[in-house]
**Q** 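Pasting a structure here, questions to come.
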Amino acid sequence: MTTLLLAISGLGLLLSLPAGFSGSKAWLAGVLVAMTAGLVAAVVVLQTGEVWDWRGTLTVGGEAVHLRLDAVSALFLALLSLVGGAGAVYGREYWTEEKHPRTARWGRVWWSALLLCLGLVLLTANGLHFLIAWELFTICAYFLITLDRRRPEVRAAGWLYLAASHVAMLCLVAFFTCLAVRTGSWELADMRDHAELAPLFWLALAGFGVKTGLFPLHIWLPSAHANAPSHVSAMLSGVILKIGVYGLIRFSGWLPMPPGAGWMVALIGVVSAVLGVAFALGQHDLKRLLAYHSVENIGIILIGLGFALVAAQQGNAPWGRLALAGALLHVWNHGLFKSLLFFGAGSVLHATGTREMSRLGGLWRAMPWTASLFTLGAVAISGLPPLNGFISEWLVYLGLFDSTNAHGPSAWAAIPAIILLGVTGAMALACFVKVCGVVFLGAPRSAAAEQAHESGPAMRGAMMTLGVACAAIGLAPMLFWPMVAQAVSAWNPAWAGTEVPAGLAALGAFHLALATFALVAAATLWRRIRQRGVTRAVTWDCGYVLPTPRMQYTAGSFAGIITEWFSWILRPERHEHRPDGVFPFRADFTERTPETVLESVVEPAGSAVMRMARVFRRLQHGRAQAYLLYLLIGLAAMAVLVLIGANK
Amino acid sequence: MIAGGGALIFRLVLWLMLAPLLPGIINKVKAWVAGRRGPPVLQLYYDLARLWQKSVVMSALASPGFIIGPAVAWVALTGAALLLPLGPAGALFSFRGDFLLMIYLLALSRFGTAWAALETGSAFEGMGAAREVSYAVLTEAAVITAILSLSVHSGSTSLATMLAPSVGAGVVLLAAGLFIVLLAENCRVPFDDPNTHLELTMVHEAMVLDHSGPPLAVILHGASMKLLFFALLLTEAVLPVGNLAPMPAAGILVAGVLAVTVGVGLVESLLARLAFRRVPLLLTTAFILCLFALLLAWKGGAA
């Protein structure tokens, strides 16, 4: 059954490759069939917990093809299928032949290729094939990011992505070859009885960490997410970052862990969560802001994973199960609402041609669907009830509280993690109130925002699918729990079993009641106002004569209080001309939050390396006489060494 | 089931009817300190009834969210109120991890009001909303630390058992921390002055500048419920109300809420508002007070 579904899925994607080159209808059909089949296969495995294992006779690189789908990879496959399908529907309308005659077909082909390679990464049970598929999907993603490569900032973003990905690739090649050398085969399976493999986890953490966008390895992430076409951004943030998480979860489950691994992962998680959202608050570019929120959410996932690792090392304490379940569910949740938000941002970009929040505003009137669906995503990502973000954060929190109440050594990490998770939540809320308010509410700040239009049915449909999924997980968590529980037990058999954490059912029921009552209350208030009559008037402005849209509160001022608290790391650059004199001629103020890690750590380090290289380059100038001299000096040095050795 | 429904309605009515009393008491205390007669204690009830009858003036820029925001905020606050156990009577909905839902429902109500504030595109309301969500970062840290200290002290993860015993040694610290949080969350002096009409200097009043009629009534009623909510939370966190017989517990709860309310009135009469750049400092103090309460609870639990 699963074999058939996965075969359909693979075949559909393979057929959609040439179909995408010629036209878009057959391509979409192929991708959708493939994604539906993939989703069903993943759900079947998640429901039953049976591992699908398939060995082929074909060999690639001297290794027989070996595919396997267990609950952990099925969890990620389900996300890939849903976002991949929705992204294809969205992308077909977003990146059309009319608007992008040169690149539309390539966008389709690379999309199919990306989905295929990502699927292979999830399915393969062979280290060599994992590396090959990993490299292939990295390249597919590069071509998708740089679809619009006539713009220089897109090329720069693509280059940064490619460079960072290959640093990660280096670590992963080292990781997999060490693994293969130590175990004697490329086969990937549970290796927890090989205690000597433990230190390899650090290599995996670095390699997968770059792909995941952990702070401070996130340097490629903001510019790539901002400059890619929006359906690609959704894929990057919703799925590709999660493939990094998949690597971490997969191999932290299969390898023996070095003693400090859990602590380290949790620490990185906390740092990523808090600083991710702080950087997000400082952004003025809508998509860049969303990209930094990915850093934050990956942080939340890693907090869960880190504490699960700590718990596993402390005799499989039961609270680790909650933390891991929270992390795994957050993988789904973040994939869903972040893709939804990127689709929404894409609709805004499509309608107005700008990502600058200071040029948007008042879009709800022209784009009611996009505005409401984006808001749904914003409520979900802020972790507010009754949507899905709260369910996974609730699980992680509960794991941390239980860890504290166990009074073990992990409590000392759990207490700050709980407090900082709360702070992160409040900051995410501040950030998304800002985004929604500045982009969709108030008055349009530019002509482009004034002439915006709603996106077409396909783009809205893709957003709605993801919105429904967000609401479903939030309102009926009990439906999804068994699948998460299967993935948890596949990660650590000691936490096997499907018993539901106490409180989850009640939480789901409360969410349902809350949503119902909110609807009823809003409708009642609405009717009351209709009865009493509404007068429309200009916004209260203290009697000012000439209110203009530019007098609205901006994104920068809204976030100003919090970004001031974090100015030690954000290092905002300000340029100001204050108004002076009785009749001030001009005054201006600009503020920009730089990519602190990239601009003050990586770039200086890179230029230092280049300077050193320049010094050494003087040695190579093409004069044969000098090269002969080098040879002579080298030989002489060796002779001296030999003589010294002989005299001893 | 029917008994449960009856209890739900009874408790809901109790919350909805009693909440607007608190601002009246605060105003009476302030008037008494200043030697004035002051507005009647029931003034807010009259205001709410009047606002509910009025028609609405809405900004030309406002979307339906201008109405939905306050409604969602009100529902969220009501939900949080129903999660709070009332002494030995317990909570209507009690489950593991309900305290997190309670904290996040407060956050949801903040989202609703801040959203509605941004609807009009007014810089005043933007300013108010920005202050509200920014200071909330610090109050959230303080609240979650306070809850954590209760959880550590009682070894439980559900509000009903968490709030039952007294906190022990950290009780004064926790009370002080939560009182500051109460003042900040309810926009009272020294964080905000509910009396001024100078929009530039305010938080809550600046956010609701453009609201009128029934939506304003919903916002004001929600604010009074939030005040009652925090007063009850403070009382129950500090005093071991949950372990008493029903009658004395009810008496203590009422006395505690009254004491907190009078305390707010006295603070409001005797203190001036803080300069805005000092606000984070005071909130950090609240957080640190709660943190020390947590450490004391931790020591007590380990011993």
Side-chain angles (χ1 to χ4, degrees), chain A residues 361-362 364-365 379 382-385 390 394 397-398 401-402 404-405 407 415 418-419 422-423 425-427 429-430 433 436-437 441-443 501-503 506-507 510 514 517-518 521-522 525-526 528-529 532-542 549 551-553 557-558 560-562 565, chain B residues 53-61 63 65 67-68 70-72 74-76 79 93 95-98 100-101 104-105 107-108 110-111 114-115 118-123 126-127 129-131 133-134 136-137 140-141 144-145 148 151-152 155 157 199 209-210 213-215 218 280 294 301-302:
Chain A
W364 72 269
R365 204 178 286 276
V379 172
S382 308
L384 296 178
F390 180 66
W394 182 84
Y397 265 123
L398 220 51
F401 267 85
D402 283 359
T404 311
N405 285 333
H407 276 273
I415 289 173
I418 289 171
I419 296 171
V423 167
M427 281 176 23
L429 185 144
V433 168
C436 292
L441 305 180
L507 182 65
F510 199 97
L514 185 73
F517 279 111
L525 192 58
W526 188 258
R528 180 76 193 170
I529 289 163
R532 294 282 131 187
V534 181
T535 322
R536 289 281 187 167
V538 71
T539 300
W540 166 241
D541 49 12
C542 278
M551 288 164 62
Q552 297 175 90
Y553 225 44
S557 4
F558 193 89
I561 301 174
I562 300 180
W565 298 341
Chain B
Q53 299 299 327
K54 286 203 165 195
S55 70
V56 176
V57 180
M58 230 159 88
S59 161
L61 298 173
S63 82
I67 313 295
I68 299 171
V72 168
W74 184 84
V75 170
F93 310 99
F95 51 91
R96 211 161 101 78
D98 52 0
L100 290 166
L101 182 60
Y104 274 77
L105 281 172
L108 179 63
R110 194 158 68 230
F111 193 94
W115 169 282
L118 291 176
E119 285 275 353
T120 57
S122 155
M127 218 177 277
R131 286 171 186 159
V133 295
S134 305
V137 172
E140 184 111 335
I144 213 154
T145 315
L148 187 56
S151 167
V152 165
T157 46
E199 298 87 345
L209 262 183
D210 265 279
V218 167
L294 168 63

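Just so you know, these numbers use all the heavy atoms, side chains as well, and skip hydrogens, waters and symmetry mates. Chain naming here is simple, since letters A, B, ... match the order of the sequence lines and numbering starts at 1 in each.
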**Q** Are side-chain N/O atoms of Ser122(B) and Asp210(B) paired as donor and acceptor at under 3.5 Å?
**A** no
**Q** Under a 4.5 Å heavy-atom cutoff, which of Ser151(B), Pro214(B), Ala141(B) has the most pairs with chain A?
**A**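 Answer, by heavy-atom pair count under 4.5 Å with chain A: Ser151(B).
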**Q** Which one, Gly533(A), Ala521(A), Gly437(A), leads in non-hydrogen pairs under 4.5 Å with chain B?
**A**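 Of Gly533(A), Ala521(A), Gly437(A), Gly533(A) has the most heavy-atom pairs under 4.5 Å with chain B.
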**Q** So, Thr539(A) side chain and Thr120(B) main chain: donor-acceptor pair closer than 3.5 Å or not?
**A** yes
**Q** For the interface with chain A, which of Thr157(B), Thr145(B), Leu108(B), Leu101(B) has the highest count of heavy-atom pairs at distances below 4.5 Å?
**A** Leu101(B)
**Q** Can a donor-acceptor pair be found, under 3.5 Å and without considering hydrogens, that links the side chain of Ser382(A) to the backbone of Leu384(A)?
**A**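 No.
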**Q** Which of the residues Ala522(A), Ala430(A), Ala537(A) is involved in the greatest number of heavy-atom pairs with chain B at under 4.5 angstrom?
**A**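 The candidate making the most pairs under 4.5 Å is Ala537(A).
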**Q** Under 4.5 Å from any heavy atom of chain A, what part of Ala60(B) do you find: side chain, backbone, both or neither?
**A**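 Contact with chain A involves both backbone and side-chain atoms of Ala60(B).
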**Q** Tell me, for Glu140(B) versus chain A, whether the close heavy atoms (under 4.5 Å) come from the side chain, the backbone, both or neither.
**A**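 The answer is the side chain of Glu140(B).
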**Q** Shorter than 4.5 Å, heavy atoms on both sides: which option in Gln552(A), Met427(A), Arg365(A), Arg532(A) has the most such pairs with chain B?
**A**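 Top count of heavy-atom pairs under 4.5 Å with chain B: Arg532(A).
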**Q** Measuring from atom CE of Met58(B) to atom OG1 of Thr535(A), what distance do you get when rounded to the nearest 0.5 angstrom?
**A** 10.0 Å
**Q** Between Gly65(B), Pro70(B), Pro215(B), Ala76(B), which shows the greatest number of heavy-atom pairs under 4.5 Å with chain A?
**A**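 Counting heavy-atom pairs under 4.5 Å, the top option is Pro215(B).
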**Q** Is a donor on one side and an acceptor on the other found under 3.5 Å between the side chain of Ser557(A) and the backbone of Tyr553(A)?
**A**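 Side chain of Ser557(A) to backbone of Tyr553(A): no pair is present.
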**Q** Determine the option with the most heavy-atom pairs under 4.5 angstrom with chain A, choosing from Val75(B), Ile68(B), Val133(B), Leu100(B).
**A**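 Option with the greatest count: Leu100(B).
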**Q** Which of parallel (below 30°), tilted (30 to 60°) and perpendicular (above 60°) describes Trp115(B) and Phe111(B)?
**A**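 Judged by the thresholds at 30° and 60°, the geometry between Trp115(B) and Phe111(B) is parallel.
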**Q** Which bit of Tyr104(B) comes within less than 4.5 Å of chain A, counting heavy atoms only: side chain, backbone, both or neither?
**A** both
**Q** What part of Val218(B) gets closer than 4.5 Å to chain A, counting heavy atoms only: side chain, backbone, both or neither?
**A** side chain
**Q** Which answer fits Phe390(A), side chain, backbone, both or neither, if we ask what part of it has an atom under 4.5 Å from a heavy atom of chain B?
**A**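 Interface part for Phe390(A): side chain.
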**Q** With chain A, which of Leu61(B), Leu294(B), Ile144(B) has the greatest number of heavy-atom pairs at distances under 4.5 Å?
**A** Leu61(B)
**Q** Kindly assign one of parallel, tilted or perpendicular to the pair Phe95(B) and Phe510(A), based on the angle between their ring planes and the thresholds 30° and 60°.
**A**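 Phe95(B) and Phe510(A): tilted rings.
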**Q** If you count heavy-atom pairs under 4.5 Å with chain A, which of Ala71(B), Gly79(B), Ser134(B) comes out on top?
**A** Ser134(B)
**Q** Can you confirm whether Trp364(A) sits close enough to Leu441(A) that some side-chain heavy atom of one is under 4.5 Å from a side-chain heavy atom of the other?
**A**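 Yes; the side chains approach each other to less than 4.5 Å.
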**Q** Going by atom types alone, do Ser63(B) and Glu119(B) pair a side-chain donor with an acceptor below 3.5 Å?
**A**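 Distance-only check passes for Ser63(B) and Glu119(B).
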